[in-house]
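What you see is a predicted model; the values in this text were computed from it and never measured. We name chains A, B, ... by the order of the sequence lines, and we start the count at 1 in each one.
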There are 2 protein chains.
Amino acid sequence: MSGGSPRTARRIDDISSFRVMDLLARARELEAEGRRIVHLEIGEPDFDTPAPVVEAGRAALLAGATRYTPALGLPELRRAIANFYAVRHGLEISPDRIIVTPGASGALQLVLGVLVNPDTEVLMTDPGYPCNRHFVRLFEGRARQVAVHRDTRYQLTADLLRAHWSKRTVAALVASPANPTGTVIAPEMLAEMAAYVADRDGALIVDEIYQGLVYDCPDSTALSISDQVFVVNSFSKYFGMTGWRLGWIVAPQAYVRPLEKLAQNLFLCAPTPSQHAALAAFRPEVLAILETRRAEFRARRDYLLPALRELGFDIPVTPDGAFYLYANCERFGLDAQELSTRLLEEVGVAVTPGVDFGEFGAAHHIRFAYTTGLDDLREAVGRLRDFFARA
Amino acid sequence: MSGGSPRTARRIDDISSFRVMDLLARARELEAEGRRIVHLEIGEPDFDTPAPVVEAGRAALLAGATRYTPALGLPELRRAIANFYAVRHGLEISPDRIIVTPGASGALQLVLGVLVNPDTEVLMTDPGYPCNRHFVRLFEGRARQVAVHRDTRYQLTADLLRAHWSKRTVAALVASPANPTGTVIAPEMLAEMAAYVADRDGALIVDEIYQGLVYDCPDSTALSISDQVFVVNSFSKYFGMTGWRLGWIVAPQAYVRPLEKLAQNLFLCAPTPSQHAALAAFRPEVLAILETRRAEFRARRDYLLPALRELGFDIPVTPDGAFYLYANCERFGLDAQELSTRLLEEVGVAVTPGVDFGEFGAAHHIRFAYTTGLDDLREAVGRLRDFFARA
């Protein structure tokens with residue numbers, strides 16, 4: 001191994017880093033120079049972890065809950081998650097099917113590690129969460145990215161599955177609500193997709209990490225439709241526990257043992273203090289806090305969406321949830337990356353260029369994250385107005 | 001996907017679960033029936049996380065340190081780890097080369113993900129830590145397990161590398177101290193191996209997760225030998241922080257960026273509260289606690305090793321560190337798995353059969369972990385004596 005150029009595996013060339021990281025670094029530089037930056041690029045809620053969850057974490061530490069747990073997770077946390085499905089969704093899910101993971105990242109890695117053989121394909125949307133295709137690449141599979149348009153609310157549909165499913169396809173991965181578009185898949189469509197995939201002997205993976213963060217439609221889960229889908233969820237977004245690194249899988253029963261084997265080897269277990277803290281996440285007083293936050297996110301969306309449209313951004317689909325607006329900026333005649341850079345440098349507004357979410361339409365889309373308060377959003381809109389008035 | 005049999009990727013068939021888990025489950029059953037079991041199978045220190053570290057974790061939670069950190073880790077923790085190398089080993093390591101990971105598991109996964117192409121080989125010992133070969137398999141590489149004997153203290157040597165290195169080999173992975181044998185690689189041998197691997201344009205990965213837990217020889221690191229090795233370490237063992245899931249890599253400078261890209265996608269970041277807690281792990285009062293524990297581990301080894309030899313176990317190599325004794329049980333005329341089962345069922349002593357560490361000699365070796373106090377160890381030895389008196 002020479003001191004200079006690294007000899008890395010081929011997959012590393014195919015895995016891109018997040019462009020937004022460079023933007024964030026530049027934003028920090030500008031802040032260090034005294035500039036005030038409005039951050040609309042960050043995919044992390046601005047709310048702190050709810051105090052009762054923090055307190056449960058502190059109590060667990062004091063009680064010495066710092067050892068390995070079983071690879072599948074603390075039995076009482078798996079039961080608490082199952083109970084949440086019962087209370088919130090009226091579903092009876094066996095705790096045996098629930099696997100606690102280090103974040104949804106760990107969950108996606110386990111599920112894809114169990115499903116993806118080399119050269120097999122996984123269907124997913126473009127635009128979509130960028131790590132998904134990288135997880136597939138990690139296992140020498142191929143992410144088949146399907147361009148999705150406004151007419152399907154940027155989601156896969158049963159028709160799109162039919163059009164793109166091949167002999168190599170082993171799974172389809174959808175997200176509801178989705179990043180970066182915030183759209184939800186209607187239950188009827190999800191049922192149709194689940195049936196199609198089951199017919200093909202494939203797997204349907206449903207990323208529900210923004211579950212709970214919906215503003216117009218009822219909170220839902222793919223588990224209402226089928227016990228043969230893989231559902232991935234997280235304590236990061238709705239529950240406000242990003243840095244704790246905790247998520248979960250609800251798997252078809254037959255896959256629990258393979259997932260457990262892989263989890264034993266990859267992770268040993270999810271962080272123990274986080275698992276104990278999360279036991280408090282389902283308490284009524286915490287859910288009350290989270291519902292207040294949901295209302296605040298809705299208010300932000302309801303302010304920012306029409307304001308951006310008025311500025312000339314094309315946002316044809318009203319997002320149902322998450323905390324993102326995926327905006328077409330074509331009419332400004334600037335490439336999305338150039339626009340992102342100029343917005344940051346010239347008026348101190350940080351956004352994420354479309355390229356971080358795929359290739360299709362990437363050059364003329366940017367993502368706004370409303371993970372900052374209404375005052376900041378108003379400030380940002382004022383700055384954007386100035387920018388376009390000058391331009 | 002049918003409801004019954006799962007359609008899993010081929011790698012899942014090649015990844016074995018830990019046999020010790022079944023044994024542990026059976027031990028828990030027996031305990032539930034009121035039997036008292038002496039646990040010598042557990043690869044986790046019995047000591048709690050040092051109180052100042054717990055307190056730092058609690059303070060971090062109170063201060064709201066629960067958000068994502070940079071993928072490479074908290075800058076102040078990377079500096080603290082670099083400083084530890086300076087103070088403890090007299091080495092100047094740039095914090096830029098240090099990557100904080102979710103446990104050593106996350107570290108091994110990142111390093112192998114960056115190095116292993118499909119069908120390339122990684123040399124490692126048999127016996128060894130079982131997850132290592134599974135990580136290589138995960139990336140469609142091949143773990144080339146080299147049978148190691150007492151004559152090399154169960155370690156790879158430069159001669160063994162020469163004998164087994166092929167055109168497909170990209171890396172050699174060694175551990176010092178090793179699991180399950182507890183042996184350390186002498187610095188001169190490590191230097192010879194590093195030079196051989198560098199000549200071959202390969203990578204040398206040194207697992208130092210039991211660093212600090214050595215009893216006869218000075219505490220050492222491969223970083224004293226070369227800045228081109230990959231060192232993997234952990235807060236789990238010496239620092240007593242298993243469930244916190246925190247480890248680190250020291251990488252050759254040219255590999256930091258590829259490792260960062262992979263970490264961004266696989267993990268986002270290591271658990272944030274754990275990172276803040278670990279800042280306290282290097283404080284003098286914590287190191288004083290850890291050195292007391294090291295002395296206790298030494299006392300346990302010094303009791304258990306001669307006692308097992310007297311019972312008839314063949315332990316030809318005195319282990320330098322970790323908290324394991326790897327004992328040949330051939331003279332008892334029982335297969336190691338059968339012996340493990342009978343020891344548990346008949347006298348309530350839980351140990352790990354050799355099969356969990358590979359194939360070579362697995363049928364006539366068991367691992368004793370001295371992760372329990374001297375009283376328990378004496379009790380276990382008494383029970384073993386009874387068992388063999390009866391047999």
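For B:Thr69, no part sits under 4.5 Å from any heavy atom of chain A, backbone or side chain. Heavy atoms closer than 4.5 Å to chain A are found in the backbone of B:Ser16, but not in its side chain. Using a 4.5 Å cut-off between heavy atoms, B:Glu140 touches chain A through its side chain atoms alone. Residue B:Pro45 touches chain A through its backbone alone, counting heavy-atom pairs closer than 4.5 Å. With a 4.5 Å cut-off on non-hydrogen atoms, B:Phe18 touches chain A through its backbone and its side chain both. Using a 4.5 Å cut-off between heavy atoms, B:Tyr129 touches chain A through its side chain atoms alone. Only the backbone of B:Ala270 comes within less than 4.5 Å of a heavy atom in chain A; its side chain stays farther off. Within the 4.5 angstrom heavy-atom criterion, no atom of B:Leu259 approaches chain A. Residue B:Ala59 touches chain A through its backbone alone, counting heavy-atom pairs closer than 4.5 Å. Contact annotation for B:Leu246: neither backbone nor side-chain heavy atoms come within less than 4.5 Å of a heavy atom of chain A. Neither the backbone nor the side chain of B:Pro102 comes within contact range of chain A; no heavy atom of the residue lies under 4.5 Å from a heavy atom of that chain. Interface residue B:Thr66: backbone and side-chain heavy atoms are both found under 4.5 Å from chain A.
Comparing A:Glu55, A:Glu44, A:Gln109 by heavy-atom pairs within less than 4.5 Å of chain B, the highest count is held by A:Glu44.
Side-chain N or O atoms of B:Arg245 include one that pairs as donor or acceptor with a backbone N or O of A:Phe267 at under 3.5 Å.
Under the 4.5 Å side-chain criterion, counting only non-hydrogen atoms from C-beta, B:Arg67 is in contact with A:Asp48.
In the model, A:Arg257 has a side-chain atom that pairs as donor or acceptor with a side-chain atom of B:Ser17 under 3.5 Å.
Across every non-hydrogen atom of A:Ala9 and B:Gly113, the tightest pair is CB-O, 3.9 Å. Here the closest heavy-atom approach between residue A:Arg11 and residue B:Pro118 is recorded as NH2-CD, 4.3 Å.
Note: B:Ile12 CD1 to A:Leu262 CG = 4.5 Å, rounded to the nearest 0.5 Å.
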